[in-house]
K.L.:
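Below you'll find the structure I mean.
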Amino acid sequence: MNQGSSTGTILEIRNLCVDYLTEKKPVRAVDRVNLTVKRGETLGLAGESGCGKSTLAFSILRLHKPPALIPEGEVIFNGEDILCMDEERLRRIRWNDISVVFQSAMNCLNPVVSIRDQMCDVILAHRNISKADAVAQAANLLERVGISPDRMNDYPHQFSGGMRQRVVIAIALALDPQMIIMDEPTTALDVVVEREIMAKLEELKHQFGFTILLITHDLSLLGEISDRIAIMYGGRIVELATSEQVILDPKHPYTNGLINSFPLLSGEKKVLSGISGFPVNLWDPPPGCYFAPRCEACMDICKRENPPLIEIEPGRQVACHLFPTPEGGAE
Amino acid sequence: MSLQPIMEVRHLVKDFPTKQGIFTKQYMRAVNDVSFNLYPGRALGIVGESGSGKSTSARVISLQYPRTAGEILFQGNDIATFTDKASVMAYRRKVQMIFQDPYGALNPVHTVFHHIARPLQIHKIVQNKSELEDKVYSVLEKVGLIPVEQTAKKYAYQLSGGQRQRVCIGKTLALGTEVVLADEPTSALDVSIRLGILNLMEAMKEDFNTAFLYITHDIATARYFTEEIAVMYVGHMVETGDSRDVTSNPQHPYTQLLLSAVPDPHKRGSRISLPEVEKKEIPTWRPESRGCPFASRCPHTTPQCREQMPPLTKLADNHFVRCFLHGG
Amino acid sequence: MSRFLESIIRFFKGNSPAVIGATIIGTFVLLAVFAPLIAPYGALERDPIKYKITDETLEKLAGIEGMSAEIEATLAALKGHGFEDKHEFLRTIETQTGTEIPLPLQKRIAGYSRHDPGHEPPSRRHWLGTTRAGQDVLSQLIYGARISLLVGFGAGLIGTVIAVLMGVTAAYMGGKVDELLVFMMNVVLVIPNLPLILVLAAFLGEAGPHSIAIIIGVTSWAWGARVLRSQTLSIRKREFITAAEAIGESKWRIIVVEMVPNVINLIAGQFVGTTLYAVLAEAGLEFIGLGDPSVVTWGTMLLWAQNNSALIVGAWWEMLAPAITISIFGGGLALLNMGMDYVSNPQLKGGGNMGLWKKRYNEIQQKRLAKARNDKELA
């Protein structure tokens, strides 16, 4: 029975589509995404607003509410398709095996409940242990993320933004999950705090060996801490490669444009221009490649046909007509 | 370059009241002894984290908050002397602010045309309706919002973030603003759009000799856009100088910390870990506070640092540091 | 102008509560405006019918001295017809019978045919019956609508204007002005509304509709003012207000041109809500006798119905007609308010899309589970 659970793969997303039902026709926010997450790696998912990265992350745990629908695709976790699971199985996977740190999660802590109670709530919801044991576990978790356990009885507003984010990460780690999905975890934080938190996260990862799916628009951050990076545009993956390859030798014109949108802190000052044009309008997308209207290397075929995501080298995928399918079919 | 500064800020101080008891009143000092100059056609970047006082300084200059102490000179005149309506209006014309959130900066019930036209009408820059239309369209063209007639009819919710920010910049062009205080103008925009806005501002420097105060937490874009950088920490200016110098050869421990924290994919794997310090929290500064603001987080703290405020020391022609490591 | 029409159409599209509500209110407004053309009778016009032959009449007259078969036949034929004048009535009977009728019999016939136009049940001549005084209930409702709507909308307008002035000014000015205005709002809020209205109305004696409108208007604004103040406060913090100040807009223009248009939906909701409250309050005041009983409004109709013991006597139409009318009109206002909520918060509309979504979701899940089972079997 081939279920794709080769040693090394923790999550496999196959042909995933996510639609939003509207009064007119449905809007496709994620379009036939194929992605494999290796056990123990840090996979970065990069793109700008509206590219579908958060939507993709939400669908892994089926967190979508109407009007979102998942008409096609499979999300295989440890051999099982999450999209086929019943409520009970799904509930057990959520947080136990895969947890999520949402965007601005530090603002999602309940302001009238103490940190200790919030953490215990999560622990007790999944483990049949006594309250005292839960409190002890919570104290342990706080220490892990670098917060003194004496602060357990404090309320969220008594912590700074960075500390609240650590609390949220502690909650995400509460049940020793195999994988953590983080959606823009440090966007709202100052760069020094971000550095501290990311360092702490690396430390914890080495200690406990979980996999991280890190979603952000900050390519420089991904370049530093992730093993592989997937670039999304208009709901599609346009490039997937190791961080080094993406940063130093990007193949897709969008990736190239994105890299060139980050001014450097060293080297000669050169004029950068970002990417001209406007983000793709998913209500009325162009036929063919979504990036064509903004692409400097746009060819005729780009306006007609959508380039498939193909493997141009082992471990390297691009969706661009500049890299056509080799003879004999593609991946 | 011996240019005349268009704006001089000297020893600016801004306090805000915190707790108010019956007999006592406590203050927190958001800006402490901050001085800088703005020159036509040049940009000064103020870099700092949240709570550093960078936005507050700009808001004092734009008359949103009254200052507590210090002088602000505009074209040689102290703005405290602008008490009558006419001079305040004239100042408002010349000194404008653009904000971080392009979504909040435009009134959702008004068209783009209204937003550009109002400043022209209030300051009586145009005489009649057809002149108004011409001027509005010409402004929209200058900021790259074409086709101008179509865009003018649109409402804020029909524009993208980058387009809205261009409308805000257009307002300053309509007014003939000479000093633009840009408070994190690109932080809320998509990455690929940011450079378009920065390049537009660069063009304004060249074409209209506009002076910019560019406030940001992103030191990389500050290096890209500004000629000079001032680094602020907890309301104090800790290092100022030429952008290249400050970013490639930082002298203040805080600047060094800041630069080492910025993500840089080229430094993968060779990152030096941040120094362990006793307190990681950023202190709240009060008028009574003593010593160097960075003392609690600095790896080189000495007893002197906790007692006295280090003065600004000149290191080179255009490089100043506020730190006892460099004398004082 | 066309943009205004466009936005009106957009408001009603797919918004059933708004459409129904607006239709109801529109109908009432038309009725009120064109009352003289629509109402079958005058509001205070008494049914002049005094004589009518009924079954009871015939029973009582059967076998009386002087009665003949021809006279009975005539009477039977004339059953149900109404006559205003006694002499005309008797002359008609005589003419139709063809013979003279003796005086005592005439007196008897007239006596037993006496008709009290009051409390006539709904019939073809009076669709909703008559009041105790013989007035057409339907016509009273239509004419009464004029006053009730006037008071309702009038009080709504007064209350809303005060609420807007107080709320928006307090929020924009801040500081001492805000404190003072909030204090005033709190005072008016804390004073129990109904007793206050009662005291004011009693103080004025038999208060006419205008006085009632003013009284309700000046006592009902406080809640709306609070709501508007908090909404305006949140708008005030938005940067476009700071930007407007920075380019030099005058305070007045900022309030009227920049802030108020952003809360116009709240203000509209306020207006409809206050009108609803006013209509009910007015009916209530008049019902307990504090209004001017000589004016015909829905409230005074209730008052008279109560005084005439309509329900006890069995003349349910006199009481129910105004009561149901008030309910329908109030319901129309409430629906319109609901429709406005839908616009401010489109998620409430949910409705149609949810059904479609559920359907699609179930389809997809079925296919998915079927495929999974298939794969399992094959493997």
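Scope of the values below: all heavy atoms of this structure, side chains included, with no hydrogens, waters or symmetry mates. Here is how names work: the chains are called A, B, and so on, in the same order as the sequence lines, proteins then strands, and each is numbered from 1.
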K.L.:
Is B:K142 salt-bridged to B:D207, cutoff N-O under 4.0 Å?
P.N.:
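The answer is no: the pair does not qualify as a salt bridge.
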K.L.:
Cation-pi check for C:Y361 against C:K359: NZ or CZ below 6.0 Å from the six-membered ring centre and within 45 degrees of the axis, yes or no?
P.N.:
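Checked: cation-pi criterion not met.
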K.L.:
Mind checking whether B:F225 and B:F212 have parallel, tilted or perpendicular rings, split at 30° and 60°?
P.N.:
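Perpendicular: the ring planes of B:F225 and B:F212 meet at over 60°.
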K.L.:
Check this for me, if you would: do C:R229 and C:D178 make a salt bridge, where the nitrogen-to-carboxylate-oxygen distance has to be below 4.0 angstrom?
P.N.:
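Salt bridge: yes.
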K.L.:
Please look at C:E249 and chain B and tell me whether the side chain, the backbone, both or neither of the residue comes under 4.5 angstrom of a heavy atom of that chain.
P.N.:
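Interface part for C:E249: both.
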K.L.:
Can you tell which part of B:K85 gets under 4.5 Å to a heavy atom of chain C, answering side chain, backbone, both or neither?
P.N.:
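Contact with chain C is absent: no heavy atom of B:K85 under 4.5 Å.
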K.L.:
Check each atom of B:H115 against the heavy atoms of chain C and say whether the ones under 4.5 Å are side chain, backbone, both or neither.
P.N.:
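For B:H115, there is no contact with chain C at all, as no heavy atom is under 4.5 Å.
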K.L.:
Counting only non-hydrogen atoms closer than 4.5 Å, does B:L106 touch chain C with its backbone (N, CA, C, O), its side chain (CB onward), both, or neither?
P.N.:
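Interface part for B:L106: backbone (N, CA, C, O).
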K.L.:
Hydrogens and angles aside, do B:N128 and B:S130 bring a side-chain donor and acceptor to less than 3.5 Å of each other?
P.N.:
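On atom types as modelled, these side chains qualify, holding a pair under 3.5 Å.
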K.L.:
Taking every non-hydrogen pair under 4.5 Å, which of C:M259, C:R253, C:K237 racks up the most with chain B?
P.N.:
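Winner by heavy-atom pair count: C:R253.
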K.L.:
Please determine, by modelled atom types, if C:E245 and B:Q64 share a side-chain donor-acceptor pair under 3.5 angstrom.
P.N.:
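No, no side-chain donor-acceptor pair sits under 3.5 Å.
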K.L.:
Can you tell which of C:T242, C:I247, C:I235 has the highest number of heavy-atom pairs within less than 4.5 Å of chain B?
P.N.:
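Heavy-atom pair counts peak at C:I247.
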K.L.:
In terms of heavy-atom proximity below 4.5 Å to chain C, should B:M97 be classed as side chain, backbone, both, or neither?
P.N.:
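Nothing of B:M97, per the 4.5 Å heavy-atom cut-off to chain C.
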